[in-house]
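We count ligands from 1, going down the list as the structure has it; atoms in each ligand are counted the same way. All residue numbers in this chain count up from 1 along the given sequence.
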Amino acid sequence: MIYNTLGKTGLEVSRLGFGTMRLPTGSDNSDIDEAEASRMLRYAIENGVNIIDTAYPYHASDLDGDGNSERFLGKFLKENDLREDIILQTKSPLWLIESHEDFGYYLDKQLEKLQTDYIDIYLLHSLTVADWEKVKKLDVFSFLDEALASGKVRHVGFSSHIEVDYVIEIIDEYPKWEVALTQLNYLDEYYQSGVMGTNYLRQVNMGSMIMEPLRGGRLVNNIPDEVQKLWAMSEVERTPVEWALQYLWNRDDVDCVFSGMTSLEQVKDNIRIASTEDLISENDQEIIREVARTYRGFLGNECTRCGYCMPCPHGVDIINCLTEYNIAHMMGDPKASAMQYFTLIDDDSRADSCVECMECIPFCTQMLNIPEELQKVYEYFGSEFDHF
Ligand code: SF4
Ligand code: SF4
């Protein structure tokens, strides 16, 4: 295993982190196959993984619920006497926080679920711009200060899918942040906070942790022939997983990559890759860029996510509606994109909320007929009822 220093925390972390949101399950998502999940975790720890990520809702029976991932992990670490050997990371469920007291209520509940009296890294979970305004009003800073002072939490940070400008603003508003967990893979360099975000984290010496290295598996499944041909042009033979992970580990603004693993086979494969030094040549970097360009060639529209059309007076989340449609075309996995579309975008912000008032059209930098594009999105994804 190869280890990196996690920014100003000073923690030495394995560059592969174990994400526990996709553990093997039985009949439903909350029913973790504990025997198999324990085998996977034990193998990972014995082979050098020393950081594990979980969150309040992981493996809940519904999206906002109280998940079993933390509960299982607490039991596993206790029974195997591994708590001290592990850097444990979990997250505050911001969507459930309605008062200042709620911050402490959920932290205590999570400590209990995890059967521990401290959490190494505590993140504000999936921080959005609206969440940030809400938690500031509820004085999140004094909560974090107290959690650190009491020793219940050793390091604090946030996870987020928002744009880089907001990420920078959030970082600059609280001097005690030490880490952030953001989305990055070779397709998403300029999506969400992307590489500008990880560059900034490095600049301010915060730990840079990465989620979605395989884009939820979409960079490694159903690979188009055009992409296969490009990979074959390299002198080094790599699997799609190796390309995706080594791309990240060749960056000097990435400390730790979390992979949500579902089987022991995946754990073994990821550890093998994480333990191999694989310097990607300039020629192979160009192949990666060409693969990204090829995937982008499958886009459904030309939206660049510049945001000049926003806000829509009728509340349509134009950017994310067009983006999820694009991703669906690019990755050829409509089911996964539908899941994103219906879970990340609120009911009244989806494409069917467009009333065709035309107000956004003059602002589009790509001269798109936005209501027409939104109609395509609506026809493609249909209604939530069609999917779930
Ligand atoms: S045309 Fe649709 S998306 Fe554009 S401003 Fe009007 S309602 Fe919003
Ligand atoms: S202005 Fe046009 S290109 Fe920019 S985000 Fe809106 S739809 Fe996309």
### Query
atom 8 (Fe) of ligand 2 to Cys364: any N/O/S contact under 2.8 Å?
no
How far is [atom] from its nearest protein heavy atom, and which residue and atom name does that atom have?
| atom | answer |
| --- | --- |
| atom 2 (Fe) of ligand 1 | Cys354 SG, 2.4 Å |
| atom 8 (Fe) of ligand 1 | Cys312 SG, 2.3 Å |
| atom 4 (Fe) of ligand 1 | Cys360 SG, 2.3 Å |
| atom 7 (S) of ligand 1 | Val355 N, 3.4 Å |
| atom 6 (Fe) of ligand 2 | Cys309 SG, 2.3 Å |
| atom 3 (S) of ligand 1 | Leu374 CD1, 3.6 Å |
| atom 5 (S) of ligand 2 | Gly307 N, 3.2 Å |

What atoms in ligand 1 come closer than 4.0 Å to a heavy atom of [X]?
| X | result |
| --- | --- |
| Met358 | 1 (S), 6 (Fe) |
| Pro371 | 1 (S) |
| Ile318 | 3 (S) |

### Query
What atoms of ligand 2 come closer than 4.0 angstrom to any heavy atom of Leu322?
7 (S)
For the ring pair [X] and [Y], is the centre-to-centre distance below 6.0 Å?
| X | Y | answer |
| --- | --- | --- |
| Tyr308 | Phe363 | no |
| His125 | Phe158 | no |
| Tyr106 | Tyr56 | yes |

### Query
side chain to side chain contact (heavy atoms under 4.5 Å, CB included) between Phe258 and Ile51: does it pass, once the steps are laid out?
CA-CA 9 Å; Phe258 283 100; Ile51 178 163; 3.8 Å; yes
#### Entry: Side-chain heavy atoms of Leu23 within contact of Asp33, under 4.5 Å
no
### Task
Would you mind telling me if ligand 1 is within reach of the side chain of Cys357, the backbone, both or neither, using heavy atoms under 4.0 Å?
both
### Proximity to ligand 1 by part of Pro313, non-hydrogen separation under 4.0 Å
side chain
### Task
Measure the spacing between CZ of Phe298 and CD1 of Ile327 and express it to the nearest 0.5 Å.
15.0 Å
### Message
Between Ser69 (side chain only) and Thr20 (backbone N and O only), is there a donor and an acceptor less than 3.5 Å apart?
### Response
yes
### Query
With distance as the sole test, does Thr276 use its side chain to make a donor-acceptor pair with the main-chain N or O of Asp278 at under 3.5 Å?
no
### Message
Are more than 12 heavy atoms, taken from residues, nucleotides or ligands other than Tyr166, located less than 6.0 Å from that residue's OH atom?
### Response
no
